[in-house]
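Heads up, the thing below is written out as structure tokens.
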Amino acid sequence: MIDYLQKLNPQQYEAATTLEGPLLILAGAGSGKTGTMTHRIAYMIRDAGVDPRSILAVTFTNKAAAEMRERVEVLVGSVQGMWIQTFHSACLRMLRLHPEQAGYAKNFVVYDPVDQKSIIKGLLKELELDPKRFAPAYVISEISNAKEQAIGPGQYRRDTGGQAGYQELAELYDRYEKVLKKNNAMDFDDLILRAVQLLENNQEILSYFQKKFQYLMVDEYQDTNLLQYKLVKMLAEQHGNICVVGDDDQCIYQWRGADIRNILEFEKDFPGAKVIKLEENYRSSAYILEGAHSVISRNRGRKAKKLWTRADKGEKIQYYRASDDKEEARYIGGRIEALMRKDPKLTFSDFAVLYRTNVQSRRFEEALSAKGIPYQVLSGLRYYDRKEIKDILAYMRLVVNPRDDAGLMRIINEPKRGLGAKSQESLRTLAAVRGQNLMEVLKDREIVDSFPNKTAESLHAFVSAIDGLHIEQANMSVLDLYDAILVKTGYLTALEEQNTVESDSRIENLMEFKSVITEKEKEKNERGATLTLEIFMEELTLLADVDNHDPREDTVSLMTLHSAKGLEFSVVFIPGMETGIFPSYRTIDKGEGMEEERRLCYVGMTRAKKMLFLTSAEWRMLYGKTELTSESLFLKEIDRSVMGGDAVYDKKSAGTSFARYDTKAPYSEGPYVSPLASIKATRGKADERQTLAGKDVVAGQKVHHEKFGAGTVIDASGSVLTVIFDAHGTKKLAKDLAPMHKVEDQ
DNA sequence: GACATATCTAAAGCC
DNA sequence: TAGATATGTC
């Protein structure tokens, strides 16, 4: 056996040394997936004589790509020549090599969601559509979905023809595509779609890449969508050397297009495929694994597998039902303190609170700061989403590609230069009438002069600034250009004049951004290349997350279950184990959605190395209302034998003790009916008693409803509090009970 | 264009 | 409840 492969277990070793033919590595949580993949690449290069240039490894996130690159570098010394990239950047790279064949001009730009939104907004105006009925976000998601299915505007129109509202959507989609084409721009979905089309329509280009990439690897294969599948399939068609790594149990992104069938049907899609299961877990203690398994095994659509560990049984899973959401947070804070007192080796960064929705974070922030516990919240907000950064990026883009209308619209009045909605409106119209890009229109002196004096002046100044930068740009470093933009556009001056706390922090961010550029330049220089503006822009647009999780900081981590995928912590808390929160009310009566929630639960549980705490709150304030909650179905699915002795279920609601649930109940198809009815509460004045299915209810009365189940009407602080048990625990019932009255904090 | 007020809505977020 | 967005007023 080769020395560096010695650390691998037999399955990992086999996976790392199987190079030819289709290979599916089913890598369970904590099974050493990345190590296996990187060793596989190392083996190719060090022992199998594979040319690094013939390796293509794709991941979903920049973080994953960076990690893979780093670890391969450690093993092999260099990643030179290999394509270790995200799906999007790999596609972009192919498209940059053949823009014309893909139907674009050389300097095409990549639009982000903000640009998309501004385009859709413009189109809504143009078509005089109601932005409420056609919310930009909704329109964008429709378009995105269509593109992920490789459905163009024409087919979209045909497919949806006749249905109310779809006519307009089809028109929007069609025009949206035309705008992008005219602006020489692609959105994120285009990157994959156009790359696939490029290969589909150009046999030579396809053959070139098929020959070039003799060895393909795909990480997180369970998250691939139809287009990504097509891409991989095409590239692998000739040689079949395709290795995909993934875990169907961790497919938690179906809602954004991931198609779990890709991994489930890999062997069908790639005949002769070898399947290797990595089932030895190196992360969690046995009780935790057992608990996670008892949950995930309820899913039907999954590949049979079971993680095991050599580690001790460890601590049982703890469950705590708090009285309300505040107490739940206090409890978690208290537990962190107590555990750290007990075990001095624990640091804050050993703890994570993983919640289902971002709104839950607030309570934990409050509770942790009250106790003086340092924490960091990993929110969806990203560094490059900051306005000032986006603005400067838009300037850069416009300088590179003057046809970039979305970029221009973004910054034409940023900083304020008197070019408000009205001027923008007429510019847009002019451009539309003349079929030109905004910049082309602006370059026409006559047109600009036809605007009111002040406006014309501003426009001239704007055009000449951009134009000047466009010309100078060729002989400038990225950093110099950045400075020039800040100064010549008046952006920096405007901020300085504001002189507020906010503008100060913006300036700070802008300065911080300079170090990002410097770093990138250094990086490139080390590899003997120079950082061109184009390359820089590219990397930035596709760089979504600057890994805002800083593991070096000793803080408790607060994040959603989704963003926890791939991470691990000694002690994990999963709060909000309640019907409606987790599983989310939106999925409760949908089998598919429910399976995904269950996978999410599995992902969350398997993040824990040593201890896992699940909590729920009896009363929870949500959307301004306080409601009685019921415990999550998932709690009942965890095998009792791995739960800590002091786990108390529904200690306050009589008749709902844990023992009543048959945790081994067979998993059945159809709507998920929780054995435990959930409770909705509403308070009205005594003379405004709610009726339930035509029945008048009064305080203290037991009620029964064939659909909603049994419940009791109880009395709270003088007025009637109607409590209804509902088999689904969804908001549907709330509607049935309207009008609802607010329930004050108990 | 800035600011105040009204209204609406509520999951997750990779590139 | 809280935030985002739309609308109103100066």
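Being a predicted model, the structure only gives us computed values, none of them experimental. Heavy atoms only: backbone and side chains are in, while hydrogens, waters and symmetry mates are out. Every chain is numbered from 1, with letters handed out A, B, ... down the list of sequences.
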Listed partners of [X] passing side-chain contact (heavy atoms from CB on, under 4.5 Å), at least two apart:
X: Ser118(A); value: Ala406(A)
X: Ser89(A); value: Gln85(A), Thr86(A), Leu542(A)
X: Lys181(A); value: Tyr104(A)
X: Ala564(A); value: Leu354(A), Met559(A), Arg607(A)

Calculate the interatomic distance between [X] atom [atom1] and [N] atom [atom2]; express it in whole Å.
X: Glu627(A); N: dT1(C); atom1: CD; atom2: P; result: 14 Å
X: Asp189(A); N: dC14(B); atom1: CG; atom2: C1'; result: 11 Å
X: Asn225(A); N: dG13(B); atom1: CG; atom2: C1'; result: 14 Å
X: Arg363(A); N: dT1(C); atom1: CZ; atom2: C1'; result: 9 Å
X: Arg599(A); N: dA12(B); atom1: CZ; atom2: C1'; result: 13 Å
X: Tyr138(A); N: dA10(B); atom1: OH; atom2: P; result: 14 Å
X: Tyr253(A); N: dA12(B); atom1: OH; atom2: P; result: 11 Å
X: Lys625(A); N: dA2(C); atom1: NZ; atom2: C1'; result: 15 Å

Which part of the nucleic acid does [X] contact within heavy-atom distance under 4.0 Å: base, sugar-phosphate only, or nothing?
X: Phe60(A); answer: sugar-phosphate
X: Glu597(A); answer: base
X: Arg356(A); answer: base
X: Ser584(A); answer: base

Reckon Ser563(A) has a side-chain N or O less than 4.0 Å from the OP1 or OP2 of dA12(B)? no
For dC15(B), take OP1 and OP2 only and decide whether either is under 4.0 Å from a side-chain N or O of Asn62(A).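 Result: yes.
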With a 3.5 Å cut-off and just heavy-atom distances, do the side chain of Arg256(A) and the base of dA12(B) make a donor-acceptor pair? no
Atom pairs, N/O to N/O, protein against nucleotides 5-10 of chain C, distance under 3.5 Å?
from: dT5(C); atom 1: OP1; to: Lys117(A); atom 2: NZ; distance (Å): 3.1

Regarding Glu496(A) and Thr493(A), is there a side-chain donor-to-acceptor distance under 3.5 Å anywhere?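 No, because no side-chain N or O of Glu496(A) sits under 3.5 Å from a partner of the opposite role on Thr493(A).
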Taking atom types as modelled and ignoring hydrogens, do the side chains of Gln250(A) and Tyr602(A) form a donor-acceptor contact shorter than 3.5 angstrom?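 Note: Gln250(A) and Tyr602(A) side chains miss the donor-acceptor criterion.
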Do we see Trp255(A) stacking on the base of dA12(B), given a limit of 5.5 Å between centres and 30° between planes?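 Stacking is present between dA12(B) and Trp255(A), given that their ring centres fall under 5.5 Å apart and the planes under 30°.
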May I ask you to decide if the ring planes of Tyr253(A) and Trp255(A) are parallel, tilted or perpendicular, using 30° and 60° as cut-offs?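 Tyr253(A) vs Trp255(A) ring planes: tilted.
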Only counting residues at least two apart or in another chain, list the ones meeting ring-ring contact (aromatic ring centres under 6.0 Å, His included) with Tyr176(A).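 With sequence neighbours excluded, Tyr176(A) shows a ring-ring contact (aromatic ring centres under 6.0 Å, His included) to no residue whatsoever.
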With the criterion being N/O to N/O and under 3.5 Å, what pairs connect the protein with nucleotides 1-4 of chain B, and how long is each?
from: dG1(B); atom 1: OP1; to: Asn413(A); atom 2: ND2; distance (Å): 2.8

Let's see if you can work this out: which of [options] has an atom nearest to the side-chain heavy atoms of [X]?
X: Tyr623(A); options: dA10(B), dC15(B), dT1(C); value: dA10(B)
X: Tyr585(A); options: dC15(B), dA11(B), dT1(C); value: dA11(B)
X: Asn358(A); options: dT1(C), dA12(B), dA11(B); value: dA12(B)

Taking only residues two or more places apart in sequence or in another chain, which ones pass salt bridge (charged side-chain N to carboxylate O under 4.0 Å, His left out) with Asp259(A)? Arg261(A)
Partner set under salt bridge (charged side-chain N to carboxylate O under 4.0 Å, His left out) for Arg256(A), not counting sequence neighbours: none
Taking atom P in both dG13(B) and dA4(C), what distance in whole Å separates the two?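 Rounded to whole Å, the distance is 15 Å.
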